[in-house]
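By convention in this document, chain letters (A, B, ...) are assigned in the order of the sequence lines, proteins followed by strands, and residues within each chain are numbered from 1.
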Number of protein chains: 2
Amino acid sequence: MSYDHRVDSLPRVKMADVARTAGVSVATVSKVVNGRYGVSQRTLERVQEVIADLGYEASLGARSLRSYRTNVLGILVAEFEPFSAELLKGAGTAVTATGYELLAYSGGGGSAEVGWERRYLSRLSGTLIDGAIIVTPTVVEARPGVPVVAVDPHAGPTGLPTVDSDNLAGAVLATRHLLELGHRRIAFLGGRPDLASARLRDQGFRSAMADAGVPVDETLVGMGDYRRGASQEPARALLDRPDRPTAVFAANDLSALAVLDVAQALGLEVPEDLSVIGFDNVPESALSSPPLTTVAQPLQAMGAAALHLLVDLIAGTDVQTHRRLPTELVPRASTARPRQG
Amino acid sequence: MSYDHRVDSLPRVKMADVARTAGVSVATVSKVVNGRYGVSQRTLERVQEVIADLGYEASLGARSLRSYRTNVLGILVAEFEPFSAELLKGAGTAVTATGYELLAYSGGGGSAEVGWERRYLSRLSGTLIDGAIIVTPTVVEARPGVPVVAVDPHAGPTGLPTVDSDNLAGAVLATRHLLELGHRRIAFLGGRPDLASARLRDQGFRSAMADAGVPVDETLVGMGDYRRGASQEPARALLDRPDRPTAVFAANDLSALAVLDVAQALGLEVPEDLSVIGFDNVPESALSSPPLTTVAQPLQAMGAAALHLLVDLIAGTDVQTHRRLPTELVPRASTARPRQG
DNA sequence: CTGAAAGCGCTAACAT
DNA sequence: ATGTTAGCGCTTTCAG
């Protein structure tokens, strides 16, 4: 039963091979593979034996072309960065009990490729996957071909079932933390204003400042883009000036890390000369020096919630189509009282 | 050009739709999509316009069934846990420049499902992907159907091109660190002996101990299984005794975290009563309290290396088929001098 | 209970 | 330059 005599890579064993070896037709093998009725016990056993012998496994591509059920769920991301990696861990844990398998898909292009959501979905849906989780989509299709759940969509909750966290409350938490430490000159390094989460964090910042009766200095409000590299420039604009702030609230951890980079380049001590707080609590935030104070989104729980929502959606169960999870302050070493509070 | 009038999920637009709308045959559309020669400028533009209009995207499943080139690379993992998530980040970063897209696949079953490597590979190879990275495979096929790179294979480097890190040197590093702090009663919590990495870490431990002239107490050598939950039991056996060790070297971070769990349950202070060191440097190791001293494998670099190796392999470039990356000590707060050194 | 045949969406000869 | 045709590996009627 060995094929070692082949010199090069041996071709996949396909259903026809199983059929020929077992002396039955491919139709019968298909029935066995899919557990359909109408196969005698004898034939069943014989075919299963051959399948095991040959190590046959159905091709996902071919199978999905014919039957519109694959038992595979997709999770579509622009890029495998820390944020989506955490969601993936959560979804991966949650999928275990469901009997589905998980396929994570990403082009290399990052969010630079606009419209990746639709492209990836078209590529996979209708064929390879029974449903999809789309992570931080910018454009959401109103009616995709398969059940879809959006995680933290940039436009905020729309027609699609959505999982996100309480960005507004989280931003208030962050700002209050700085205020309570005694900071008054507080800068905000925001994200792109076309993103709902960025707008909400901006709004939370302003609301907490207003509640404390501290006016917002608009020259201390910068615009990053949630990425570490591209946020250095606006971070520098905030810090490289004589009347620099004593604290910065960055709209996500990656831009907070950019602030840390810039502070170091300028010779500023954190938290002595400057307090920095981020948002997300990606694992990387704990690895910086100093470790970053941040607001945690329950990323893994969000991934798990999205997966369960998707499974329910496919099953046709009546489900709530919007889950908002709470945020939480995670104090670490990048924030402290200002030097002369 | 809006389709909002459709009440329910609209069916995928397929190549035939494009052909009909553009007034050409599917063959011509296929040529346009794949950039083949033999299409007039006029037709080309017309078809591209329709494609854009309709938002057509070729189905990966159907395409891959016919042409044995998909421009998609697979990364197959038993489970999306911290270790493979880091590799995925590295591979994701590396794929950007290559023009390939990345598909990560995992059943929910964890490594409990034996033979997942072969199953997933059969499912995807020959059809959906042009090549695969398999993470910590236990059984490696001698001649898979597509180019394959193994990352940290449990059997050690075999016939397959492999990427791993220097487990032996890393284990020596960890053990020496404890010895230099003044520890002599050092326990080792190993992994399953059928894993090459586990054997090498065991070997490095013993070799460093021997070099220091410190005999290994065999009752202080336990066997975990690289997972946090299942390692609690053997960790407890090591610690819950009057002559407990002053330090534990756990063969990976997850089992080191299990040691931390057990230490806490037993009321032991780390590092005052017990020093603990792990292996891997997954992000989670920095998040524990106290943060875990560990030996870093350059996980993201390994993911990137695997991806580049795979791309070269597919291109037929002459490549080195084995990359071993260095390990490094990462001192954090879970190790210190023993109480009475 | 089993097999022959059609066809999923697409690509690749081969005609025209 | 374009269209016709024949499958890729599988599932699914529908006959036998």
Between P of C:dC8 and CG of A:L128, the distance in whole Å = 17 Å
remark   = Given protein heavy atoms under 4.0 Å, the one-letter contact record of nucleotides 8-16 of chain D, with B base, S sugar-phosphate only and - none, is simply BBBBB----
message = Under a 4.0 Å threshold between the charged nitrogen and the carboxylate oxygen, would A:R227 count as salt-bridged to A:E79?
response = yes
query = For B:R323, which residues count as a salt bridge (charged side-chain N to carboxylate O under 4.0 Å, His left out) partner, sequence neighbours excluded?
reply = none
request  = Output the residues of residues 37-50 of chain A in contact with DNA chain C, where contact means a heavy atom of the residue under 4.0 Å from an atom of the strand; sort by number or write none.
outcome  = A:G38, A:V39, A:S40, A:T43
request  = Answer yes or no: is there a donor N or O on one side and an acceptor on the other, between the side chain of A:D152 and the main chain of A:S197, under 3.5 Å?
outcome  = no
Residues forming a salt bridge (charged side-chain N to carboxylate O under 4.0 Å, His left out) with A:K89, sequence neighbours excluded = A:E86, B:E284
B:S64 backbone acceptor or donor facing B:S67 side chain under 3.5 Å = no
note = One would report the end-axis bend of the helix from C:dC1-D:dG16 to C:dT16-D:dA1, five pairs per end and rounded to 10 degrees, as 40°
request  = In plain terms, say whether B:D164 and B:R324 are close enough for a salt bridge, that is, a side-chain N and a carboxylate O under 4.0 Å apart.
outcome  = yes
request  = Indicate yes or no: does B:D17 engage B:R20 in a salt bridge with an N to O separation below 4.0 Å.
outcome  = yes
query = What salt bridge (Lys or Arg N to Asp or Glu O under 4.0 Å) pairs are there with at least one residue in residues 63-72 of chain B, not counting sequence neighbours?
reply = B:R69-B:D130
message = Looking at B:E101 and A:R123, is any side-chain nitrogen of the basic one under 4.0 Å from a carboxylate oxygen of the acidic one?
response = yes
ask   = Over how many whole Å does the gap from B:L60 atom CG to C:dT11 atom C1' extend?
value = 14 Å
request  = Mind calculating the distance between CZ (A:R20) and P (C:dG3) to the nearest angstrom?
outcome  = 14 Å
ask   = Knowing that exactly one of A:V163, A:I75, A:V135, A:T321 qualifies, which makes a side-chain contact (heavy atoms from CB on, under 4.5 Å) with A:V149?
value = A:V163
